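Notes for the one structure printed next.
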Amino acid sequence: MLDLSLRHGFEDFTLEAAFTAPAGVTALFGHSGSGKTTIVNALAGLLRPDAGRIVLGDRVLFDSQARVFMPPHKRRIGYVFQDARLFPHLTVRQNLLYGRRFAARGGAGADMGRIVELLGIGALMERRPGALSGGEKQRVAMGRAILSDPELLLMDEPLAALDGARKGEILTYLERLRDETALPILYVSHSVAEVTRLATTLVLIEAGHVMRSGPVEAIMADPDAVPALGLREAGALLTARLAAHDADGLSRLDSEGGALWLPHVEGPIGAALRLRILAQDVMLAVERPQGISALNVLPARVLEVRQGAGPGALVQLAVGEARLLARVTGRSAKALELGPGREVYAVIKAVSVARDSIGEGR
Amino acid sequence: MLDLSLRHGFEDFTLEAAFTAPAGVTALFGHSGSGKTTIVNALAGLLRPDAGRIVLGDRVLFDSQARVFMPPHKRRIGYVFQDARLFPHLTVRQNLLYGRRFAARGGAGADMGRIVELLGIGALMERRPGALSGGEKQRVAMGRAILSDPELLLMDEPLAALDGARKGEILTYLERLRDETALPILYVSHSVAEVTRLATTLVLIEAGHVMRSGPVEAIMADPDAVPALGLREAGALLTARLAAHDADGLSRLDSEGGALWLPHVEGPIGAALRLRILAQDVMLAVERPQGISALNVLPARVLEVRQGAGPGALVQLAVGEARLLARVTGRSAKALELGPGREVYAVIKAVSVARDSIGEGR
Amino acid sequence: ADILVFAAASMRGALDQVAAAWEAETGHSVTLSYAGSSALARQIIAGAPADIFISAAPAWMDVVAGEGLLAAGSRVDLLGNRLVLIGHGAAAGAEDVAEDAAGDAAEGAVEDGAGIGPADADAAGVADLSTGYELAVRLGDGRLAMALVDAVPAGQYGKAGLQALGLWDAVAAQVAQADNVRAALALVATGEAPMGVVYASDALAEPAVQVLAIFPEGSHAPITYPAAMLADAAPEAEGFLQALQAPAAGAIFEAHGFEVRGFEPLERQ
Amino acid sequence: MTEYLSPQEWQAVSLSLQVALWATLLSLPLGILVAHALARWQFPGKSLLNGVVHLPLILPPVVTGYLLLIGFGRRGPIGALLEEYCGLVLAFRWTGAVLAAAIMAFPLMVRAIRLAIEAVDPKLEAAAATLGANRLRVFATITLPLILPGILAGAVLGFAKAMGEFGATITFVSNIPGQTQTLPSAVYAFLQVPGGEGQAMRLVIVAIAISMGALLLSEWLARVVARRIGAKEG
Amino acid sequence: MTEYLSPQEWQAVSLSLQVALWATLLSLPLGILVAHALARWQFPGKSLLNGVVHLPLILPPVVTGYLLLIGFGRRGPIGALLEEYCGLVLAFRWTGAVLAAAIMAFPLMVRAIRLAIEAVDPKLEAAAATLGANRLRVFATITLPLILPGILAGAVLGFAKAMGEFGATITFVSNIPGQTQTLPSAVYAFLQVPGGEGQAMRLVIVAIAISMGALLLSEWLARVVARRIGAKEG
Ligand SMILES: Nc1ncnc2c1ncn2[C@@H]1O[C@H](COP(=O)(O)OP(=O)(O)OP(=O)(O)O)[C@@H](O)[C@H]1O
Ligand SMILES: Nc1ncnc2c1ncn2[C@@H]1O[C@H](COP(=O)(O)OP(=O)(O)OP(=O)(O)O)[C@@H](O)[C@H]1O
Ligand code: MOO
Ligand SMILES: [Mg+2]
Ligand SMILES: [Mg+2]
């Protein structure tokens, strides 16, 4: 549990942020220059804010009134920097082991071999950072921070330099880290996909201020938050349980909104999962459609239709217990006579729910 | 026109790449560590390859046999580095103007004011790089390279550190740069969305070798290329003409595959556009569906069904003159009896074609 | 109207006074450049614009003469000096025999100030250094400070004198050689070395040392400061060279502890 | 203060200042060039150049002075040439003191600047090259501003050394009041007179005051420059 | 070679080597500490410390030697204490020559190391701190390895200076063959005798050879270290 309240002024920029990050992954989301790195630096003790208070668990890291400022090396906060900051004179292996030496539990935390494999840096172990590509550096930096066995992990856009496939693997690992250990993570990102997959809590930063903060499901399903996240990224989060693996490679998930068939989802039967279903991937029909390739047709009831500034409309749906968002054109909304209370069918293609939108639930 | 053929060995890595980049934007696409930065460095003259030849227009930049090696400052190649590399002792303004001083046309090329505005760095002009955020640095670096009035622009993951909104704006600008000037751009990216929106030519790099290279439409619509691009990113490119703007905010585009209604598309009637239609956004139906929110229902003929390794299948469609890709589950493929020659309807939601998948055509 | 004199650094105190007096008298001006005799001689050979050279040792004057740079017949043996054995303050290395006698003598010399040269000190009761002097005993495990014994004149004279008196071998290993006589004096003055061998002129003005004994004449080659005019000297130089040998100058030199040599008349062509 | 020092001592002070300033200013451009060559270029004879630069540090100053006298004296091969073709006389002039001080200060200056150059990230220079700057312009616009603190450090080391230099100077240009008598030479002269230590110390204090002033000035300038450069990385 | 130098000269050569090595090695840790303090810490009296470090550069060596004599001689306040409590005698011993050489070399060493420290990116040190390393460990594991080239530069400057130092050494510990007669003292002695130049030059060549060897060694080591560190940025 992290409790933070900060004020800090640069010449042309003032940060005034306060939020609480419970266990799990808290995503800091905001435009370039909105103050994310500044917050993270203050947390790590690399920046001494003008005023405020930071409490991590039962430790006060900073308190301007009580004149408490715990130095960085005592904070036990792992930090994956926006620039990798590897030690140029050490090999990749030595970089990875650097923090472990000082770790309280003697590095009993994460398993080196597993992390190395996951990050795909096994072949680089004896190289020096000067001979690494941009993405390789970033992966080593991530390993280094995780292996230092921290009590809080700060990640400042760690995946920006990585390709999709690698990103997916690492996200999977971070999910495990989140779920298997109690390690809280503060994750800075520009990517809604990453944020929704990983985060349990979302903090939206705008020009140095916290615009919204709270559980990620609540914010994502809230049409009000859509402008901040970007239209294309709007979508709801569903919690589901893995119910069956079918012979033809599809898996069935039982969600609060009903059963969904998706391309094979890794995991044991009964596992809890989180699905992100983008508003734009949900099609609405007034009659149950026949002879179409979409496998998932869920009966739904319109809760609210919100006409956007453009030609689109956001439709909030009740599907069983769950909430879904659908994005349709105004023309369709009119043609289908959508309005609160209207009974419709939500059509979701099995393949639309991309693998990287399915995370392990909590 | 850039003609390149290189061989270069690092200890554990060998680059052996040859490709031709015509005018327009050529995207270098490949996994982390595949050799993209190495190629770009060789082009800029910052790395002297073991062997090979680089010809830009009518200038030989490098020829190991003829022992030609043109020094970097004579190459007139603007380079946006993966790390920003701003000059720490100069203000943002001075950084931006740095290359202009040496520009052949005395910086007659790009308009400083416009670029500053576009990059959103107007408020930072008198700051030094030490006081910039990660994304701000990257934007300044981009401006600096463009303002040096180069004959070729190299961009090594320039947008990785930027948020979606800013990314979109800058992509729009880069499109203009591509279309209005004859400036060829070599663009390194991990993001298929960026690539398909900007690129005219695509070069797929894998472990130091060129896997595929050619016009981006051809590669994107080719099921063979899907593994390299990632399933989720598979999709076809359509060329279309802006035909009408409707009062309800929708625009009609006439494509080779028929008319499409999309949320308002910026541009004058008659403008050529490129649309990327992701395979996963295309639904197939055997009868024309009724009462659904999807506005675009196109008659199509199945050309090929390719069952993937997983539960999915890629369906290549002929829609009028154009080719589309659809991704469906194997179960649906069977249920709908999809096979070469089968007549179906391709259903595309208007809102699925995201704004950042629509680029200005060429 | 300006003459430049290159003079051995150890002459500084006395020569400044003589020059000031001559300037006042004649209205000419004299510039004095003090450095080690070796450096000065080499500079003159390299073309230094000196008019007069005063060396601390004949050897370097000989070198300059050998280059044919001296005005013919202008060389004179201007001054002489005596070598003395000194001890630190009142508590010289040995607390016994020599202490009272030598201590009193040295203090007397200092108090009486100007006008008392080595000869007077002699008269005041400072003993001649003799073969029987228990130098090694008094030195104990202390150091005997001297100028470089093979390179710097004061050191060379001192070594010769001690050898002649048969005292050298017993103390050779304990000699601390300084780069010049003044540095040797400083070693004794600070007490780092209990005893030292320096010129009488140096010992005279240093209150922190006392003269223990005087080297007998003949125990080493006579200490001579030759002076000469350079071949292309300004005409006024001759006047200054003469003034150096005049009785007024002699008094000043003696006051600083030098011996005034029997001035030989200048041979004029 | 006028009473604190005699006119002749004032002369020595101002001459020392003059000599040290000129020695520093004149040798700085060459020092930067040599430092750059040693830090960044590859050429035959690099080790030799490096060795020659360090020579004045290795040699006892008297030897350096002696070699200068032989080479740059009026009868020396270089001295004679300089006099004939440039009308420049070094021996026994303050200009010679400048040469001696500059040579003695040179290795210190070069080392400081070289270290600063080696610390400049070559990636920044590469970036400047891609923007069209040739080697010289890269140096003038990127390297030079970034090594300013190093240049200041080199200059102040050189200045301090030049203020304190004695052995080579007195051996080369002698100790002529008003012409070649620098502060250290004057101190030396005082130390030759019994009881002159006190007077010598008076001059030493002046020397310390001047060099400390230069030191403080350089530190202040370096701070200003560093603040302008700000954080290390762009 | 045995014939090239007399036994006494050999003694001077080996003593000089010994003195220069000890002076370099002993002053290095303190030099690193002081350089680090000057580069990275803020404390009252920083300017004063900086000034004191530079003093030996500013003062004529004879003055430094004289001050050493007064302070560290057997009767000097510090010298007496050292003798009484540590049994360490400096006056007229080679240990004193080591002290003199170390003090003369100190400003050069400190400046080189300080420049190297200032060139280390504080962001790397910050990164190490977030990984749990306290100040001392950050210094030992990050700063120190990264400034190795600067330390080498400082060491070789110091060594060369120590090999060439004459004025302060002879003033402080005089010239006792086999105990305090260093190479420069021997050279000086030859230069005082008419016709001794040739012999002096013989010794000078030995001094040059030794220092050049040290120089080449240091450059080679620096290259090895630089290659290990590789490109500037991690
Ligand atoms: N100086 C070097 N010495 C040895 N190997 C190197 C060196 N520079 C790069 N490599 C290796 O060459 C390969 C290609 O590197 P390159 O930087 O071109 O990759 P990239 O495609 O740009 O990757 P990324 O997307 O992560 O930036 C990598 O495996 C890298 O480890
Ligand atoms: N040292 C500084 N001095 C002055 N202004 C600064 C300094 N550091 C950052 N800023 C400004 O503070 C604001 C927030 O910076 P910060 O680095 O926290 O942004 P960010 O949210 O991390 O952005 P990005 O996504 O681009 O990395 C920016 O406007 C930046 O220009
Ligand atoms: O200066 Mo002299 O030459 O011996 O004392
Ligand atoms: Mg940031
Ligand atoms: Mg790269």
Side-chain angles (χ1 to χ4, degrees), chain A residues 40-41 43-47 70-92 94-107 109 127-132 134 136-138 140-141 143-154 156, chain E residues 28 32 35-37 39-43 112-113 115-155 218-234:
Chain A
V40 171
N41 278 341
L43 253 166
L46 303 183
L47 175 101
M70 188 182 281
H73 71 273
K74 292 206 178 130
R75 296 196 176 195
R76 309 206 53 222
I77 292 185
Y79 190 165
V80 183
F81 295 88
Q82 201 166 1
D83 47 337
R85 297 202 199 175
L86 300 182
F87 304 128
H89 59 300
L90 301 181
T91 60
V92 167
Q94 290 165 329
N95 265 284
L96 288 173
L97 289 174
Y98 187 85
R100 181 158 269 211
R101 288 193 258 170
F102 310 115
R105 281 174 277 168
R127 291 216 212 143
R128 274 172 225 283
L132 298 183
E136 288 165 348
K137 277 181 200 167
Q138 200 56 34
V140 175
R144 184 178 68 174
I146 293 169
L147 286 169
S148 76
D149 194 24
E151 287 182 6
L152 169 67
L153 192 57
L154 305 177
D156 198 353
Chain E
L28 210 46
I32 294 172
H36 195 251
R40 288 281 157 90
W41 305 352
Q42 293 304 328
F43 54 95
I113 299 172
L115 277 167
I117 292 175
E118 285 170 340
V120 171
D121 191 345
K123 289 183 171 178
L124 290 179
E125 296 171 329
T130 66
L131 290 165
N134 61 23
R135 270 190 173 214
L136 195 68
R137 281 162 161 173
V138 170
F139 180 77
T141 57
I142 305 299
T143 320
L144 198 63
L146 288 175
I147 61 170
L148 263 190
I151 292 179
L152 275 169
S218 81
E219 297 280 335
W220 178 78
L221 280 174
R223 262 200 311 278
V224 170
V225 170
R227 203 174 314 126
R228 280 193 48 192
I229 295 182
K232 283 278 141 196
E233 186 221 7

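Bear in mind that the values here come from a model prediction, so they are computed numbers and not experimental data. Throughout, protein chains are lettered first and strands after them, A, B, ... in sequence-line order, and every chain is numbered starting at 1.
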(request) State which residue, out of Arg144(A), Arg76(A), His73(A), fulfils the side-chain contact (heavy atoms from CB on, under 4.5 Å) condition with Leu131(E). (result) Arg144(A)
(request) Sort Ile77(A) into side chain, backbone, both or neither according to what part of it lies under 4.5 angstrom from a heavy atom of chain E. (result) backbone
(request) Check Lys123(E) against Arg85(A) and note the closest heavy-atom contact, atom names and distance. (result) O-NH1, 3.3 Å
(request) Drop me the distance from Phe87(A)'s CZ to Leu124(E)'s CG, to the nearest 0.5 angstrom. (result) 6.5 Å
(message) Using a 4.5 angstrom heavy-atom cutoff, name the option from Ala126(E), Ala127(E), Ala133(E) with the most pairs to chain A.
(response) Ala133(E)
(request) First locate atom CG of Leu90(A), then atom CG of Leu146(E), and finally report the distance between them rounded to the nearest 0.5 Å. (result) 8.0 Å
(request) Mind listing the closest non-hydrogen atom pair of Tyr98(A) and Val138(E) along with its distance? (result) OH-CA, 4.3 Å
